[in-house]
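Since the structure comes first, as structure tokens, the remarks are kept for the end.
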Amino acid sequence: MAATTMISRTVMPKTKRRSAKSPYSYWFYAAPAVIYGLFFLLPTVASLYFSLTRWTLFDATFIGFDNFQQFFTDPALLQGFVNTGIYAIVTTGLKVVFGMLFGVLLASQIFARGYLRSVVFFPTIVSTIGVGITFSALMNPEKGLINSALAMIGIQGPHWLTDPHWALLSVALVDVWKGVGVATVIYMAGIVSIPNDYFEAAKIDGAGSFKTFTQIILPLARPAAVTVTILSVISGLRSFDLVWSMTSGGPGSASDVIASVIYKEYQAGFFGLSSAGNVVLSLAVTAIALPLSAFLNRKSKKDY
Amino acid sequence: MRAARKYGPGVLSIIVSIVVFVIPFCFIILTAVKSRLQASLLDFSWPTSFHLWDNLVQAVSARNFMLVRAFINSTILSVSGVAILVVLSAMVAFVAERRVSKWSGFINILVLSGLIIPSAVVPTIWVLQGLGLFKTMPGLILVEVALQMSFCVLLFRAFISSVPKELDEAALIDGAGSLRLFFQIVFPLLRPVIITVIVVMSVAIFNDFTGPLYFLPGDENATVQLTLFNFKSQFDTSWNLLFMDILLITIPPLVVFLFFNRQIISGMSSGAIKG
């Protein structure tokens, strides 16, 4: 991409006459800009204002930062904020590790590779609500498959979704189950693109598979790891469907995340508070994703 | 010994994959064909009697054939959303990729913010209501288009950057205008990435839950994901019907996956890396 922009820049002076009426008309932006502007940008900007109001959709009373104050002092709402962070960290960590593991495994000459690849990837395209319902049955504390299986080997499984200490973690684990396929595929693409020469050279130098992994795959698949990290953080912070279909934020507010708080406040008719939640979520995602991506990318450039 | 080293990791991975990934899907299928009583046990067991047809009929006809209407609604939503997305995103990507100007940076920021920032829910409802589009299918379609556009633009841009610019120049010399250049020359060349966008987006929109939940509430207009949620509260004791619903809803993505798994995987990974 960098190459094409360079070419077009050097060509530009020659085609000065055309720049008066470029064949790449800005009119092409018109319809997309209207849709994007009306249904994404306008609401996003409007949420900044409405988050400062008490709002009924018909009239809005300006109340300053009260909504935000409530958001950070009400223990239930605050817990949603903290939970979102925990959820994002847990899901990202596990996806980075397991994605790497599966990626290495599936990029190797393993037996039945096609089957394994499909089976790991398939959950990512299944309905999240369906997965949520299925796992709430599997995680049923008395009758569910997971605890019966654990009981067979003598472990008393926890009350996954009804125990306040476990609820959020249980949902996060299911999120990893569903999302690790994307991480795996990204790692695989990264590992496959490593030139074979490196592996041959390592083999000649007598490196075993562990050394090959730590000295070659790990550093050279770094761009893939960066991508997986950033994508998982963003989707972890925004996650709603799975939480809502498995626990609805419960028990109490033990597994509430910002997105489920937004929905609850919306249902309760607190539209201003709900919009404040949206603003908090947007700021959180931006404040974490942008510096993270700048940091990780800068470091990876230094390596080469 | 050599055979063990060759097949050992493979066999082990297959066993683990069956336990972790295949059994949950078996559980869905088994529960969907059980009798109501047996399904309510929620255990993983072979059905004592098979009720495939009964459960299918009951799940489909529940609440006045809500599931049928939901499938029709979801199809309309996915097909029209994807059609609009393909054309508009390709147009944006084409101009953004080929015309470098002082606006380029601004456009990149707009596209990026669409990927990162979650949609502001209630203000979107406010906009839809102002336009008279709240609780209507066209309204939901437009919202889906707006929310998925960034990702599609990135996919198209990555591909268009590999289409030689000389081609455009040749067409222009032959007297093509901008519309003709794009629709007759460039657009047909984008076929591989168009297929990827169609496949990835139809699965994404078909599976979207939040959009319909907020912007198209009500039983009349339910999409398939919402029926799952509505059934969950209604069928609290009829787990067999609930899982039959899950099974039916999993079939369209499964079919798409069987035919297009290469496009889905390349779309997810290439789009992701650009993002």
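Here is how names work: the chains are called A, B, and so on, in the same order as the sequence lines, proteins then strands, and each is numbered from 1.
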Chain B contact via I125(A) - which portion, at a heavy-atom distance below 4.5 Å: both
Within the 6.0 Å centroid threshold, strictly below: F28(A) and F182(B): yes
Within-4.5 Å side-chain heavy-atom neighbours: V226(A) and S293(A): no
Short side-chain to backbone donor-acceptor contact, S150(B) and V111(B), under 3.5 Å: yes
Contact class of F257(B) relative to chain A, heavy atoms under 4.5 angstrom: both
Structural part of V203(B) lying under 4.5 Å from a heavy atom of chain A: side chain
Ring centers of F270(A), W55(A) separated by less than 6.0 Å: no
Residue pair I249(B) / Q225(B), side-chain heavy-atom distance below 4.5 Å: yes
Contact winner vs chain A - V92(B), D245(B), D43(B), heavy-atom pairs under 4.5 Å: V92(B)
Greatest number of heavy atom pairs closer than 4.5 Å to chain B - which of N140(A), V126(A), L42(A): V126(A)
I129(A) versus chain B, the contacting section by heavy-atom distance below 4.5 Å: both
Option that, when pairs with chain B are counted at under 4.5 Å, heavy atom only, ranks first among I262(A), L105(A), I110(A): I110(A)
Which portion of V224(B) sits near chain A, non-hydrogen atoms under 4.5 angstrom: neither
Contact origin within W27(A) toward chain B - heavy atom pairs under 4.5 Å: neither
Under 3.5 Å side-chain donor-acceptor pair for S161(B) and E97(B): no
Shortest non-hydrogen separation from P123(A) to F21(B) and the atoms involved: CG-CD2, 3.8 Å
Validation row: R238(A), V285(A) side chains within 4.5 angstrom (heavy atoms): yes
Top of F122(A), Y49(A), Y115(A), F240(A) for chain B proximity - count of heavy-atom pairs under 4.5 angstrom: F122(A)
Heavy-atom proximity to chain A below 4.5 Å, by part of L247(B): neither
Interface moiety of A176(B) toward chain A, non-hydrogen atoms closer than 4.5 Å: neither
Contacting region of I234(A) [heavy-atom separation from chain B under 4.5 Å]: side chain
Between F135(A) and W177(A), ring centroids under 6.0 Å: yes
Ring center gap for F156(B) and F94(B) short of 6.0 angstrom: no
Most contacts with chain A, counted as non-hydrogen pairs under 4.5 angstrom, among L128(B), L254(B), N261(B), V143(B): L254(B)
Proximity breakdown for S148(A) and chain B, heavy-atom pairs closer than 4.5 Å: neither
Engaged part of I23(B) at the chain A interface, taking heavy atoms whose separation is under 4.5 Å: side chain
Contacting region of I14(B) [heavy-atom separation from chain A under 4.5 Å]: both
Heavy-atom contact with chain B under 4.5 Å, split by part of L283(A): neither
Y26(A) and Y29(A) aromatic ring geometry - parallel, tilted or perpendicular at 30°/60° bounds: parallel
Per-residue contact mode, L181(B) against chain A (heavy atom under 4.5 angstrom): side chain
